[in-house]
**Student:** 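Let me begin by handing over the structure; questions about it come next.
Residue numbers start from 1 in every chain, and the chains themselves are labelled A, B, ... in the order their sequence lines are given, proteins ahead of strands.
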Amino acid sequence: MAEKYAVRNVRLCTKDCLCLYVCPTGATDTENSIIDVSKCIGCGDCADACPSGAISMVPFEYPPQQSKTETVISAMKSLLRSKSEQESIAAGLPGKLAKAIEKSNRIMAEDIIREAGFMLPQSQNTINFLKSLLDKDLEGLPRESVEKLIKALGQKKEEKPMEEDKTNVNLMKAFAGEAQANRKYIAYAQKAEQEGKLNAAKLFKAAADAETSHALMQFEVAGKIGSTADNLKDAIAGETYEYMEMYPEFVEEAKAAGNKAALRAFTFAMKAEEVHAKLYKEALESLDHTEEVFYYRCPVCGNIEKYIPEKCSICGVPGEKFIKY
Amino acid sequence: MAKYVCSICGFVYDEDVGIPESGIEPGTAWEDLPEDWTCPLCGAAKSDFEKQGEPAGPEEEEPVAAIDHPMDVQEMTFLEMSALCTNLARGCEKQYKPEESALFNELAEYFKKISPPAKDPSFDRLIALVDKDIEEGFPNAKAVATEVRDRGALRALTWSERVTRMLKSHLNRYKKEGDAMVENTDVHVCTICGFIYIGDKLPDVCPVCKVPNWKFEKIEGR
């Protein structure tokens, strides 16, 4: 987990926008200029790049505050008492100067008590002070606010939402690994069958199904399964990215490398994903239609049609090979 | 010729140089400056200056030995708790925690409200407390903090001691001049160290803590 996160001081920000260029996750690109903590990975690139010094890296956990000796605390508290008394006297006097003196003494009192062991809002001293308020019989004390502060400031590391985020990242990593293992074992099982190693083929198939159930459980726990309409939208986005951005690049690179087999695999997939995206869109638009629709899949390139074609429009396989759904 | 140093902000008056931009010719002796002349940087009185190189005033002498504090400071007063809460609110603000900051300010307001008003408030009582701070409170706290090398406490003490001296200077003037002293002029307070500036043209940075002057707050009212 990142130990720090970036914050922007909006008052210092001069909209040089270098943070937008360097941020690897887009955390700085927000409407209200407040950096998105959930996206920030704590790399510090934005703070380094900012020419106006408006971004700083703030730790999730502050180091313990400097310890204070009893003698210092006692001397500071004695001054605090005097400053506080002066604030109170000035508050009872008329005029602009008295008002300024009241304010001045409050600021000195704050600074003095800060150096008497109350520097950090998260310190044990602060938490103890807040807890002691709840034990006192104080009429009209906003107890709820005190409780909120104790909860927010006394928070332990394990309770932070960041930890949950990390677990979510782990769930998706595991999902990716299990999903890949499933396809790999299916490929191995086919190979084993071709070689006549039927027992090994069986084990690969069983293991492939086991990995599928792992992947499905992890995907669900990560909260990635929405309503069918949402899932269709997600599918459209995924397929569109693949045929618009990912595969065109792969195709070019395979061409440049002269790898014909890869070029063929990428081209088939690219064209099929485009069809998939189109079909998902149609399905989303007609989600409430009840009349039954049939789909036919090309077993070679993955093309899907809503009728049996004479031959596959992508790879040319005869229509009789298509599989009905 | 001699130089004189402002004990509040460190401004140096050099008799050789004078302050030509304010009509004080080079070569003007310290004694020839009018008695109501004030420090051009922070507004401190002429009496707050010390001759450079001369043995420092009594407050700059060897630190006074730390004395025990008989005063019971275990229980804080409500107004002290209020100051503690506004301090913590500032701490939260610095950490970009606006919700927590607002909650501490709410608590500070509560404690201020239930704090009993001062009995028989008077400027004389203020002067007496300021004098006591300068004579006892600060020298003692500085001695204790020096002894244990508490840099943080020494920093806070240096600032608030200077602010307190300036306060003394203002209070003495007010005793003589009364409300006329602030009648047609602005009064500003530095929100970082508490320094009070009386005058229409703010210095660029606070003479005590050196924060830029946009951190000053103008006191409204008469």
**Student:** So, for A/Phe129 and B/Cys85, which heavy atoms are closest and what is the spacing to 0.1 Å?
**Tutor:** CE2-SG, 4.0 Å

**Student:** If every non-hydrogen atom of A/Ser104 is compared with every non-hydrogen atom of B/Val163, which pair is closest and at what distance?
**Tutor:** OG-CG1, 3.5 Å

**Student:** Hey, does B/Phe138 have a side-chain heavy atom less than 4.5 Å from the side chain of A/Ser82?
**Tutor:** no

**Student:** Determine whether a donor-acceptor pair (N or O, by modelled atom type, separation under 3.5 Å) exists between the side chain of B/Asn87 and the backbone of A/Phe118.
**Tutor:** yes

**Student:** Of the listed residues (A/Leu149, A/Val58, A/Ile113), which shares the most heavy-atom pairs with chain B below a 4.5 Å separation?
**Tutor:** A/Leu149

**Student:** Who among A/Lys99, A/Lys68, A/Arg106, A/Met76 has the most heavy-atom pairs with chain B under 4.5 Å?
**Tutor:** A/Arg106

**Student:** Check whether B/Ser82 gets within reach of chain A through its side chain, its backbone, both or neither, counting any heavy atom under 4.5 Å.
**Tutor:** both

**Student:** Answer with side chain, backbone, both or neither: which region of A/Arg143 has an atom nearer than 4.5 Å to a non-hydrogen atom of chain B?
**Tutor:** neither

**Student:** Evaluate the side chain to side chain contact (heavy atoms under 4.5 Å, CB included) criterion for residues A/Leu97 and B/Ile198: first the C-alpha distance (whole Å), next the side-chain angles of each, then the deciding distance (0.1 Å), finally the verdict.
**Tutor:** CA-CA 9 Å; A/Leu97 182 64; B/Ile198 299 175; 4.0 Å; yes

**Student:** Report the C-alpha separation of B/Leu157 and A/Glu115 in whole Å, then their side-chain angles, then the decisive distance to 0.1 Å, and conclude whether the side chain to side chain contact (heavy atoms under 4.5 Å, CB included) test is met.
**Tutor:** CA-CA 9 Å; B/Leu157 290 166; A/Glu115 291 296 344; over 6 Å; no

**Student:** Answer with side chain, backbone, both or neither: which region of A/Asn105 has an atom nearer than 4.5 Å to a non-hydrogen atom of chain B?
**Tutor:** side chain

**Student:** Looking at every non-hydrogen atom in both residues, tell me the closest pair between A/Glu139 and B/Tyr110 and how far apart they are.
**Tutor:** O-OH, 2.7 Å

**Student:** Mind running side chain to side chain contact (heavy atoms under 4.5 Å, CB included) on A/Ile101 and B/His170 for me, showing each step along the way?
**Tutor:** CA-CA 10 Å; A/Ile101 292 173; B/His170 290 320; 5.9 Å; no

**Student:** Against chain B, work out which of A/Ser88, A/Ser132, A/Gly92 has the most heavy-atom pairs shorter than 4.5 Å and name it.
**Tutor:** A/Ser88

**Student:** If I compare all heavy atoms of B/Lys97 with all of A/Tyr5, which pair ends up nearest, and what's the gap?
**Tutor:** NZ-OH, 4.5 Å

**Student:** Verify the neighbour count for atom NZ of B/Lys210: are there more than 12 heavy atoms of other residues, nucleotides or ligands below 6.0 Å?
**Tutor:** yes

**Student:** Answer with side chain, backbone, both or neither: which region of B/Cys92 has an atom nearer than 4.5 Å to a non-hydrogen atom of chain A?
**Tutor:** both

**Student:** Give a yes or no on whether A/Met172 atom CE has more than 12 heavy-atom contacts from other residues, nucleotides or ligands under 6.0 Å away.
**Tutor:** yes

**Student:** Between A/Glu144 and chain B, which part of the residue has a heavy atom less than 4.5 Å away: side chain, backbone, both or neither?
**Tutor:** neither

**Student:** Going through the checks in order, is the side chain to side chain donor-acceptor pair (under 3.5 Å) test met by A/Ser84 and B/Glu80?
**Tutor:** CA-CA 6 Å; A/Ser84 200; B/Glu80 286 166 11; 4.7 Å; no

**Student:** Search all heavy atoms of A/Pro94 against all heavy atoms of B/Phe123 and return the closest pair with its distance.
**Tutor:** O-CZ, 4.3 Å

**Student:** In this structure, are over 12 heavy atoms from other groups packed under 6.0 Å from B/Glu177 atom CD?
**Tutor:** yes

**Student:** Between A/Lys96 and B/Thr185 (side chain of the first, backbone of the second, donor and acceptor by atom type, cut-off under 3.5 Å), is there such a pair?
**Tutor:** yes

**Student:** Given that the side chain runs from C-beta out, which part of B/Leu167 has a heavy atom under 4.5 Å from chain A: side chain, backbone, both or neither?
**Tutor:** side chain

**Student:** Is the closest side-chain heavy-atom distance between A/Thr69 and B/Asp150 below 4.5 Å?
**Tutor:** no

**Student:** Taking atom CD of A/Glu87 and atom CG of B/Leu79, what is their separation to the nearest 0.5 Å?
**Tutor:** 4.0 Å

**Student:** Quick one: which of A/Val146, A/Leu141, A/Leu80 has the most heavy-atom pairs under 4.5 Å with chain B, could you say?
**Tutor:** A/Leu141

**Student:** Check each atom of B/Leu88 against the heavy atoms of chain A and say whether the ones under 4.5 Å are side chain, backbone, both or neither.
**Tutor:** both

**Student:** Where does B/Lys119 contact chain A at under 4.5 Å (heavy atoms): side chain, backbone, both or neither?
**Tutor:** neither

**Student:** Let me confirm one number: the NZ-CD distance from A/Lys77 to B/Glu75, rounded to the nearest 0.5 Å.
**Tutor:** 9.5 Å

**Student:** Any side-chain heavy atom of B/Thr164 sitting closer than 4.5 Å to one from A/Lys83?
**Tutor:** yes

**Student:** Do B/Glu100 and A/Pro121 touch side chain to side chain, with heavy atoms closer than 4.5 Å?
**Tutor:** no

**Student:** Go through it in stages, so that I can follow the logic: the residues are B/Arg90 and A/Ile107, the test is side chain to side chain contact (heavy atoms under 4.5 Å, CB included), and I'd like the CA-CA distance, side-chain angles, deciding distance and then a yes or no.
**Tutor:** CA-CA 11 Å; B/Arg90 279 171 183 255; A/Ile107 293 162; 3.9 Å; yes

**Student:** Mark yes when over 12 heavy atoms from residues, nucleotides or ligands other than A/Tyr62 sit less than 6.0 Å from its OH; otherwise mark no.
**Tutor:** yes

**Student:** Does the side chain of B/Asp133 come within less than 4.5 Å of A/Gln86's, by heavy atoms?
**Tutor:** yes

**Student:** Heavy atoms only: give me the nearest A/Ala75-B/Asn140 pair and the separation to one decimal.
**Tutor:** CB-ND2, 4.0 Å

**Student:** Measure distances from B/Phe78 to the heavy atoms of chain A and classify the residue's part below 4.5 Å as side chain, backbone, both or neither.
**Tutor:** side chain

**Student:** Going by heavy atoms in the side chains, are A/Ser78 and B/Glu136 under 4.5 Å from each other?
**Tutor:** no

**Student:** Take atom CG in B/Asp204; do more than 12 heavy atoms of anything else shown fall under 6.0 Å from it?
**Tutor:** no

**Student:** Just so I understand: if I count every heavy-atom pair under 4.5 Å between each of B/Gln95, B/Lys94, B/Glu106 and chain A, which residue has the most?
**Tutor:** B/Gln95

**Student:** Below 4.5 Å, heavy atoms only, C-beta onward: do A/Leu153 and B/Phe104 meet side chain to side chain?
**Tutor:** yes

**Student:** Where does A/Ile34 contact chain B at under 4.5 Å (heavy atoms): side chain, backbone, both or neither?
**Tutor:** neither

**Student:** So which of B/Val187, B/Ile114, B/Leu84 has the biggest tally of heavy-atom pairs under 4.5 Å with chain A?
**Tutor:** B/Leu84

**Student:** Could you check which of B/Met181, B/Arg155, B/His188 has the highest count of heavy-atom pairs closer than 4.5 Å to chain A?
**Tutor:** B/Arg155

**Student:** Report yes if the side chains of B/Ser160 and A/Asp111 come closer than 4.5 Å at any heavy-atom pair, otherwise no.
**Tutor:** no

**Student:** At a heavy-atom separation under 4.5 Å, does A/Ala100 approach chain B through its side chain, its backbone, both, or neither?
**Tutor:** both

